[in-house]
Amino acid sequence: MKSAEIRRQFLEFFASKGHQIVSSSSLVPGDDPTLLFTNAGMNQFKDVFLGFDKRPYTRATTAQKCVRAGGKHNDLENVGYTARHHTFFEMLGNFSFGDYFKHDAISFAWELLTQVYKLPSEKLWVTVYADDDEAYDIWTREIGVPAERVIRIGDNKGARYASDNFWMMGDTGPCGPCSEIFYDHGEGIWGGPPGSPDEDGDRYIEIWNNVFMQFNRDEAGVMHKLPRPSVDTGMGLERISAVLQHVHSNYEIDLFQNLIRAAARETSAADMDSPSLKVLADHIRACSFLVADGVIPGNAGRGYVLRRIIRRAIRHGYKLGARAAFFYKLVPDLVAEMGEAYPDLAKAQDKVVAVLREEEEGFFRTIQNGMEILETALAALKASGATVLDGELAFKLHDTYGFPLDLTADVCRERDYTVDAAGFDAAMARQREQARAAGKFKMAAALEYDGEPTTFHGYEKLIVEGAKVTAVYVDGVAVDVAKPGQDAVVVLDDTPFYAESGGQVGDAGVLQNGTTRFLVEDTQKIQADVFGHHGQLVEGEIRIGDTFTARVDGARRAATARNHSATHLLHKALREVLGAHVQQKGSQVDSGKTRFDFAHNAPLSDEDIRRVEAIVIREVLANAATLTRVLPIEEAQKTGAMMLFGEKYGDDVRVVEIGSTREFCGGTHVARTGDIGFIKIVAQSGVAAGIRRIEAVTGEAALALIQQQEALLGELAATLKLPAGEAVARVAQMQEQIKAADKEIAALKSQLVLSQLDELVKSGSRTINGVKVVAVSLDKVEGAALREVSDKIRDQLGEGVVLAASVNDGKVALVAMVSKALTGKVKAGEIVSLAAGIVGGKGGGRPDMAQAGGTLPEKLPEAIAAALKLLEEKL
């Protein structure tokens, strides 16, 4: 069973049980600074479980894309070398928000596994929390699992409820026992059942975890029963696919095998079992989905993790022999595998290719830089007579420059030098320990800080004199001094820089004194009240205790403030036009635009957009002053101010009144609504089930957009030699004429090809084991005509196999037809799938007729040859 079918059957099964199928959320968690990436299916429902959000359904099911490559979920170096470590994976889940509980959750799981997926029940083992008699009885008495295969797991970490089978959202809050389901891979694989001394073996593999949220843990550690207990489950698609496809390693399933073949193709690798190919197949998934969800490679936070994954992939490609950019070429293969399940990936394909290609080409240049550093170090070794390269330097090459250790070792070996492996390992262990100590993502690349908080002055002023440095970080590590040219994070005791939160991006600007100049590119929170200023030191040095004039980029701040204030007005206008059900579900505000996500189940019409814009413009023209107050949260709530989705509020909150709006908000805003100037909605889209997104520009950006559109319309009208008002109608008329001409040309091409049918059959005909086979490649014949030609050839053959191909505008079209009497031996879909995979596409159809497309016309001869070889094997 293909992975796509496993995913589909999971969702359809739970839909049949009354669950709402909810689209996967973004890999970038909305307004949740505690998470680096979405790493579990329940992330998008976190506020529902906590009671901060309410959905129109009480049962949900998802196939959630997840990334675990940072913070405590960081096994990056294991990926490619074990059977089940991944950076990107899909989590299948079903959820109950105070609806059903243990009985139904367990029954659903068992029914799906044994009746839909048809796993043998004797292969399934179950664990429950030691004290969870209810779950134990359901499994043994109602489901009928033998008691010896239902294992109670107790507290094994020295504290009550500290068990692998007791789940907690945090130190306080919803929690409860869980029941895990394991699959026994058989006696041929080492390992013991869960709870046994040999449980770490690979024989018994966990495939599904059912979490029963039935308690709320208070600060004293006391468990209180929840009035409406809930269910949160997760089953890794890759793991269950391995089970259902009868393979042991996740990398042997169909999703990975096709990507592994693509990686081998682009690196010319001959050893298909190479761990490096598995790394590439895994990493192209993580990198592509992250870029599609808006993450860009960078030096901090999520962008830094993405850059590390990309560079690790490139290192493994280099190890396989690649010496030029190749990784980005795997994107079309990934889209062919997963684009149907995740349309946003397919839509973003060109963007993903461009981002990965730019990063990859830059890193190949970095490898050259690493070689220069290594050459200098080796020259120094030669001069001193030493023969061992310092392990710290090798680690710096690895960690800072992304220069792989094995490449360093290879270069040293060629010159009769060795690498201090123990020193390298010590430096690596030190870094890992620092990463583990971080515990969780803390907004600014998991930096540890135990100093005084930052005092923010940015509401009142854009310049602070005498701001003192309290901490400096380089490459994620606290240092005493930053040197010229280094990227660093600087913490100040006082700052005018706004740190990213509530959807508003961080400020940029400069820190400067008599000898030093530090360009601040972004500001992120290290802790709730500690601001990290990210940027580059261009002059001088920065030491703890230094003082600076901290100056915010005023133009960028003003543009961001315009967009943020406009977001408040947009929110109110959308509720007025669409209804009170509209609630903010996330936002991103920067100097270029505002992006606003909200609850609504249909696209806005052109009339809706015009009405929303008109309402906002009326607020702008009123030029009302913006008012801000800091109030105790109970008093603030009484004002009727709106509390936004995803925001966590303290005892005191900031209430901002902009025009007729009133919201809790910590962001920066215009002094008067008139400062917004002008607003224009430029895009809308759907981002999840029941969630819409709009993007808008304000001020000078809105003016520039209107002027650009006006210029384009004027250019079009001048080209057509018509008044601007008549240009649109003329273009529509021309399009209709072009369509008619295209149809006529296609018909003529088809007639021309058909007139040469006898010659085509003769030139492409052969006999394979007594079966007539015609394989032809035609020039610029489109899909419908290609099918017609294939039909005619099959009719002329009487009984046989036809494979017809054509290239149009750089795209390949394939049609395969098999006489019904032969479909028992070979199916048209098999022929097409094989050929399409080679030309960078996919497709399918009936056993007697199938079609596909591709994007690699240069591979067409190879694809036809492979299809003929398949026919020789099948016929």
Side-chain angles (χ1 to χ4, degrees), residues 36 68-82 85 87 200 275-276 279 299-300 304-305 307-309 311-316 318-319 363 366-367 369-442 444-450 471-483 485-489 544:
L36 181 57
R68 291 183 181 176
K72 66 180 180 180
H73 297 298
N74 187 8
D75 295 312
L76 187 59
E77 297 304 320
N78 291 323
V79 173
Y81 295 93
T82 66
H85 276 111
T87 52
D200 290 335
S276 292
V279 169
N299 293 324
Y304 175 68
V305 175
R307 174 163 284 168
R308 281 193 65 202
I309 300 172
R311 291 187 170 187
R312 184 170 188 262
I314 299 168
R315 291 200 302 268
H316 279 271
Y318 197 94
K319 187 175 180 180
F363 184 52
T366 295
I367 290 180
N369 294 337
M371 283 297 298
E372 292 177 4
I373 295 171
L374 184 55
E375 291 285 1
T376 301
L378 293 179
L381 283 180
K382 183 177 181 180
S384 67
T387 59
V388 180
L389 182 71
D390 179 51
E392 289 282 351
L393 176 61
F395 178 73
K396 182 178 181 181
L397 282 168
H398 160 82
D399 190 55
T400 304
Y401 296 96
F403 202 77
L405 176 62
D406 53 1
L407 184 56
T408 300
D410 286 344
V411 174
C412 288
R413 195 177 301 115
E414 292 170 1
R415 317 284 181 86
D416 295 324
Y417 296 107
T418 59
V419 178
D420 174 17
F424 179 92
D425 290 342
M428 176 70 80
R430 187 165 58 252
Q431 186 206 53
R432 285 177 174 165
E433 185 60 36
Q434 290 167 345
R436 278 193 293 269
K440 67 177 183 178
F441 179 57
K442 294 178 180 170
L447 302 177
E448 280 291 326
Y449 179 83
D450 57 5
V472 183
Y473 303 88
V474 175
D475 293 331
V477 179
V479 297
D480 294 327
V481 59
K483 301 291 187 177
Q486 288 185 323
D487 292 332
V489 180
I544 295 174

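All values derive from a computational prediction rather than experimental measurement.
Taking Tyr473 as the reference, nothing meets the ring-ring contact (aromatic ring centres under 6.0 Å, His included) condition, with sequence neighbours excluded.
Of all the heavy atoms in Ala394 and Leu389, the pair that sits closest is CB-CD2, 4.5 Å. Of all non-hydrogen atoms in Ile544 and Ala471, the two that sit nearest each other are CG1-CA, 4.2 Å. Between Val279 and Ala313 the shortest heavy-atom distance is CG1-CA, 4.4 Å. Here the shortest heavy-atom pairing between Val474 and Gln486 reads CG2-OE1, 3.7 Å. Looking at every heavy atom in both residues, Thr418 comes nearest to Cys412 through N-CB, 4.4 Å.
To the nearest 0.5 Å, atoms CG (Leu381) and CG (Asp390) are separated by 9.0 Å. With rounding to the nearest 0.5 Å, the separation of NE2 in His85 from CZ in Arg68 is 10.5 Å. To the nearest 0.5 Å, the span separating NZ on Lys382 from CZ on Arg415 amounts to 9.5 Å. Rounding to the nearest 0.5 angstrom, the gap separating the CG atom in Leu36 from the OH atom in Tyr304 is 12.0 Å. Between the CG atom of Leu405 and the CZ atom of Phe424 there is a distance of 4.5 Å, given to the nearest 0.5 Å. One distance of note links CG of Leu397 with OG1 of Thr408; it measures 5.0 Å at 0.5 Å rounding.
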